[in-house]
Each structure stands twice: as C-alpha cells, then as structure tokens.
K.L.:
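Would you mind keeping the following structure in view while I ask a few things?
Only heavy atoms go into these numbers, but all of them, side chains included; no hydrogens, no water, no symmetry mates. Atoms within a ligand are numbered from 1 in the order they appear, just like the ligands themselves. Model, not experiment: these values are computed from the prediction.
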Amino acid sequence: MNIILLGPPGAGKGTQARKLVEDRDMIQLSTGDMLREARTSGTEMGQIVAEVMDSGKLVTDEIVIGLIREKLEGDKKGGFIFDGFPRTLAQADALEELLAEMDETLDAVIELRVQDEALVARIVGRSTCGNCGEVYHDLTKPIPADGKCTVCGGTEFKRRADDNEESLKTRLMEYYKQTSPLLGYYHVKGALRSVDGLADMRDVEAAIAEVLDA
Ligand code: AMP
C-alpha cells in the first residue's frame, strides 16, 4: 500500500507517518528529512538547500524528485508513505511515472485538514529528540524535567531553523500557491480522503486507519 500524507506545515504529517511505520511496517519517505540530511553534507548543493529551506521556499523539483527516485529503489516493506512529497504538480506527475515504472499504484492521498491559526501555535515551540525523532512542544508536551526523551532516553533535542513565524508565513504561502492545487488533482483522480487534523492525535490515527482498511 502506497499513500501520500498531504497538508500544510504543522498538520501532523510526520507524527502520523511515524505511527504508520510502527504499526504497519511502512517506509516513511520524508523529503524534508532527506533535505535536512543533505544540508549537513558540506557540499555546495547542501548549502543551497539550507538557504532555501530556512527561507521557507521550496527546493527545486529536480532535487526532490532525484531524492525520492533513489529511495524507491530500496526495500518496499509494507509500502511507502510519502510525507511532504509531492508539493507541486510537476512532482505529482513525476511520482505517478515513478510508481508506474515499478508497477506500483498510489492507494490513497490523505489530507490532514488544519486551520492556519492552529499551525503557528503548533510549529513555534516545536522540538524533536535528536535520536528517535519524537516530537515535543514547549506548551503542550514539554521535554521532561530530567532532560530525557520519554521514548528512547536520548538527551539531545533539536529545533528546526525554519520553525519561526517568518519562515512559517513563507511556508504557508508556498503551500497555498504550489501544493494545495494537488487537492483538486487527487480529488479528480478519486484518491483524495480528508481527515480532521485538529482532532486528538489518537482520533487522527483512527481516522487514517479507517481509510487504509476500507
Ligand atoms: P518539511 O520537513 O516537509 O516541512 O520540509 C521542510 C522544507 O524542506 C520545506 O519548507 C522546503 O523548503 C523543503 N522541502 C521539503 N519537501 C519538499 C518538496 N517535496 N519540494 C520542495 N521542497 C521541499
């Protein structure tokens, strides 16, 4: 089963993808994570990527399609979760071609619906465990007083350089201009399913499970 998680920054795509990896042995393909890894490579490409990401703009289609292509060549396990990809119509077309070449299909595109006001609150104050990626938030889920991750015991936590109000504005604008047309695209293809991304995390998990098991 191959699915796309679609939604604005902060909608909970990463959190839900991690859960699906755990429960269904699926493979999370997050272009954001891949690009964050690329920016630490010390190459010229990494430096360009870092500047674009920090501004909140989108990295070129060529770069992200190339990253995804490489990952699709590996083990498929329980299927792929595309998290943060595609973000443009050109990327959506490329994904369709890549899957067709592999004789794979796209089984569902799940939209996580969230209002803008909630996104700012969710993103500003966010941090993750540097070891396992567990997500924390200064207000709603603070890092424990002993400084240890509740999941893995890790003691290093990271904040994203683009998790600030200014970059978020650009990221949202990019979402509405370039990514939200994909909702119409997948609706016409009959693949789009929407869930309430503002519901309690467990309810969102249940709503996604319902779509996948239908
Ligand atoms: P994310 O972790 O998905 O929020 O992505 C962080 C940043 O990486 C985005 O703001 C973009 O600059 C870049 N990025 C991630 N995925 C893509 C993509 N599919 N296309 C273009 N840029 C991307």
K.L.:
May I ask you to list the atoms of ligand 1 that are less than 4.0 angstrom from any heavy atom of Arg36?
P.N.:
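This gives 2 (O), 6 (C) as the contact atoms.
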
K.L.:
Look only at the side chain of Arg39 and the backbone of Met53, and say whether a donor-acceptor pair between them is shorter than 3.5 Å.
P.N.:
no

K.L.:
For Arg171, counting its heavy atoms only, list the atoms of ligand 1 lying under 4.0 Å from any of them.
P.N.:
4 (O), 10 (O)

K.L.:
May I ask you to say whether Arg18 pairs ionically with Asp83, meaning some side-chain N is under 4.0 Å from a carboxylate O?
P.N.:
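Salt bridge absent between Arg18 and Asp83.
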
K.L.:
Check Val64 against ligand 1 and report side chain, backbone, both or neither, counting heavy atoms closer than 4.0 Å.
P.N.:
side chain

K.L.:
Output yes when a side-chain donor or acceptor of Gln16 lies under 3.5 Å from a complementary backbone atom of Gly12, and no otherwise.
P.N.:
no

K.L.:
Should the proximity of Leu58 to ligand 1, defined as any heavy atom under 4.0 Å, be assigned to the side chain, the backbone, both, or neither?
P.N.:
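Contact part for Leu58 vs ligand 1: both backbone and side chain.
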
K.L.:
Show the atoms of ligand 1 that are less than 4.0 angstrom away from any heavy atom in Gly84.
P.N.:
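In order of numbering, the contacting atoms are 16 (N), 17 (C), 18 (C), 19 (N).
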
K.L.:
Atom 17 (C) of ligand 1: which of Arg87, Lys13, Met34 has the nearest heavy atom?
P.N.:
Arg87

K.L.:
Any atoms of ligand 1 less than 4.0 Å from a non-hydrogen atom of Gln91? List them with their elements.
P.N.:
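Those atoms are 18 (C), 19 (N), 20 (N), 21 (C).
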
K.L.:
Looking only at protein heavy atoms, which one is nearest to atom 6 (C) of ligand 1, and how far off is it?
P.N.:
Arg160 NH2, 3.4 Å

K.L.:
Do me a favour and list the nearest non-hydrogen protein atom to atom 8 (O) of ligand 1 with residue, atom name and distance?
P.N.:
Met53 CE, 3.4 Å

K.L.:
Is it the case that the side chain of Glu174 and the backbone of Leu58 share a donor-acceptor pair, with hydrogens and angles ignored and the cut-off at 3.5 Å?
P.N.:
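Yes.
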
K.L.:
Counting heavy atoms not belonging to Met102, are there more than 12 under 6.0 Å from its CE?
P.N.:
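Result for CE/Met102: enclosed.
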
K.L.:
Report yes or no: does Lys141 contribute a side-chain atom to a donor-acceptor pair with the main-chain N or O of Arg126 at less than 3.5 Å?
P.N.:
no

K.L.:
Going by the closest heavy atom to atom 14 (N) of ligand 1, which one wins out of Leu168, Leu35, Leu5?
P.N.:
Leu35

K.L.:
Quick check: does Asp162 get an N/O under 3.5 Å from an N/O on ligand 1?
P.N.:
no

K.L.:
Is it the side chain (CB and beyond), the backbone, both or neither of Lys57 that lies under 4.0 Å from ligand 1, heavy atoms counted?
P.N.:
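Just the backbone.
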
K.L.:
What distance separates Phe85 CZ from Asp61 CG, expressed to the nearest 0.5 Å?
P.N.:
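Taking CZ in Phe85 and CG in Asp61, the distance rounds to 8.0 Å.
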
K.L.:
Would you sort out whether Arg193 and Asp107 count as a salt bridge (Lys or Arg N to Asp or Glu O under 4.0 Å), showing the intermediate values?
P.N.:
CA-CA 11 Å; Arg193 304 286 178 270; Asp107 298 284; over 6 Å; no

K.L.:
May I ask you to identify the nearest protein heavy atom to atom 22 (N) of ligand 1, giving residue, atom name and distance to one decimal place in Å?
P.N.:
Val59 N, 3.1 Å

K.L.:
Using a 4.0 Å heavy-atom threshold (strictly under), name the region of Glu174 that reaches ligand 1: side chain, backbone, both or neither.
P.N.:
neither

K.L.:
Determine, for Tyr185 and Lys189, whether the Lys NZ or Arg CZ falls below 6.0 Å from the six-membered ring centre while staying within 45 degrees of the axis.
P.N.:
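Relative to the ring axis of Tyr185, which defines the angle, Lys189 lies inside both limits.
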
